[in-house]
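Right, one structure below, let's go through it.
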Amino acid sequence: MSPGLARLVEVLALLPPGRLMTYGELARQAALGSPRMSARLLGQLPDRERLPWWRIVNAQRRISEHGAQDEQHQRLAEEGLLPDTRGRYPISAFWP
DNA sequence: TTTTTGACTTCTG
DNA sequence: CCAGAAGCCAAAA
């Protein structure tokens, strides 16, 4: 496991239910160097069941294309997070 | 070794 | 609000 992934896991583990974070913010908090690193590393997470990868959305507050979008949608819905008619998640879910 | 490729972001128009 | 361009960086080709 790379040190970057280790740091990402630490940050991700502290993200509570009902709270969202963007790839960019995650990259900054875990000192990954670029938002793309968040995306890259999320693709090879160890504990897919425990770590809330589904609470990461893009800067437009939408779910990015990747292959598990449906699952992401569903998991967020289970936490009470629903997107508006344009697929955007509420700004309130991003506050500390 | 160089180029391409992404679960991306930010700035401009 | 949408589209394009530039910036980003590790991995794969």
Side-chain angles (χ1 to χ4, degrees):
Chain A
M1 173 186 253
S2 73
L5 177 55
R7 292 197 302 278
L8 177 145
V9 167
E10 286 185 48
V11 175
L12 199 55
L14 296 177
L15 189 58
R19 173 84 195 284
L20 299 182
M21 196 181 270
T22 65
Y23 293 88
E25 198 184 335
L26 177 58
R28 283 192 298 272
Q29 292 197 25
L32 302 180
S34 121
R36 286 193 181 284
M37 289 300 97
S38 296
R40 170 174 300 294
L41 296 175
L42 284 176
Q44 51 183 32
L45 266 187
D47 312 319
R48 303 261 318 159
E49 291 306 309
R50 296 194 168 188
L51 299 171
W53 52 268
W54 56 88
R55 303 208 264 256
I56 303 303
V57 297
N58 62 33
Q60 283 68 56
R61 286 149 44 198
R62 297 167 186 285
I63 288 180
S64 296
E65 295 222 0
H66 57 98
Q69 306 171 50
D70 293 334
E71 184 186 352
Q72 186 167 11
H73 259 119
Q74 190 180 334
R75 294 211 153 186
L76 287 177
E78 288 172 4
E79 300 184 355
L81 287 177
L82 297 171
D84 63 18
T85 55
R86 291 173 191 166
R88 302 165 118 267
Y89 282 87
I91 192 68
S92 58
F94 293 77
W95 282 73

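Only heavy atoms go into these numbers, but all of them, side chains included; no hydrogens, no water, no symmetry mates. Computed from a prediction, not measured in an experiment: that's the story for all the values here. Chain letters run A, B, ... following the sequence lines, proteins first, then strands; residues in each count from 1.
A 4.5 Å side-chain heavy-atom check between A:Val9 and A:Met1 finds at least one atom pair inside the cut-off. Between A:Pro90 and A:Asp84 the shortest side-chain heavy-atom distance does not fall below 4.5 Å.
Spacing between atom CE of A:Met21 and atom P of B:dT9 amounts to 13 Å, rounded to whole angstrom units. Going from atom CG of A:Leu51 over to atom C1' of B:dA7 covers 16 Å, rounded to whole Å. To the nearest angstrom, P of B:dG6 lies 17 Å from CG of A:Asn58. Between A:Glu65 atom CD and B:dA7 atom C1' the separation is 10 Å, expressed in whole Å. To the nearest angstrom, C1' of B:dA7 lies 14 Å from CG of A:Leu5.
One hydrophobic cluster, built from ILVMFWY side chains closer than 4.5 Å, cannot hold both A:Val11 and A:Leu14; they sit in different ones.
Under the side chain to side chain contact (heavy atoms under 4.5 Å, CB included) rule, A:Trp53 has a single partner from A:Leu8, A:Leu45, A:Asp47, A:Leu15, which is A:Leu45.
Within a 6.0 Å radius of CZ in A:Arg50, no more than 12 heavy atoms belonging to other residues, nucleotides or ligands are found. Within a 6.0 Å sphere centred on CD of A:Glu65, heavy atoms belonging to other residues, nucleotides or ligands number 12 at most.
To the nearest 0.5 Å, the span separating CG on A:Leu42 from CG on A:Leu5 amounts to 9.0 Å.
Classified by interplanar angle (parallel below 30°, tilted 30° to 60°, perpendicular above 60°), the ring pair A:His73/A:Tyr89 is tilted.
Heavy atoms of A:Arg48 sit under 4.0 angstrom from at least one base atom.
Base pairing in DNA chain B gives the following stems of 3 or more Watson-Crick or G-U pairs, range against range and under 3.5 Å: B:2-6 with C:9-13, B:8-13 with C:2-7.
Partners of A:Arg75 under the salt bridge (charged side-chain N to carboxylate O under 4.0 Å, His left out) rule, at least two apart in sequence or in another chain, are A:Glu49, A:Glu71. Among residues two or more places apart in sequence or in another chain, the salt bridge (charged side-chain N to carboxylate O under 4.0 Å, His left out) test is passed with A:Arg55 by A:Glu79.
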Please list, for nucleotides 10-13 of chain B, all pairs of protein and nucleotide N/O atoms separated by less than 3.5 Å.
none

Revision key, fill the gap. Once base and sugar-phosphate atoms are separated, protein heavy atoms under 4.0 Å mark nucleotides 2-13 of chain C, 5' to 3', with B, S and - as -----BBBBS--
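Here side-chain hydrogen bond (donor to acceptor under 3.5 Å, both in side chains) pairs that include residues 12-29 of chain A, with residues two or more places apart or in two chains, are A:Glu25-A:Gln29.
Going from the P atom of B:dA7 to that of C:dA6 covers 22 Å, rounded to whole Å.
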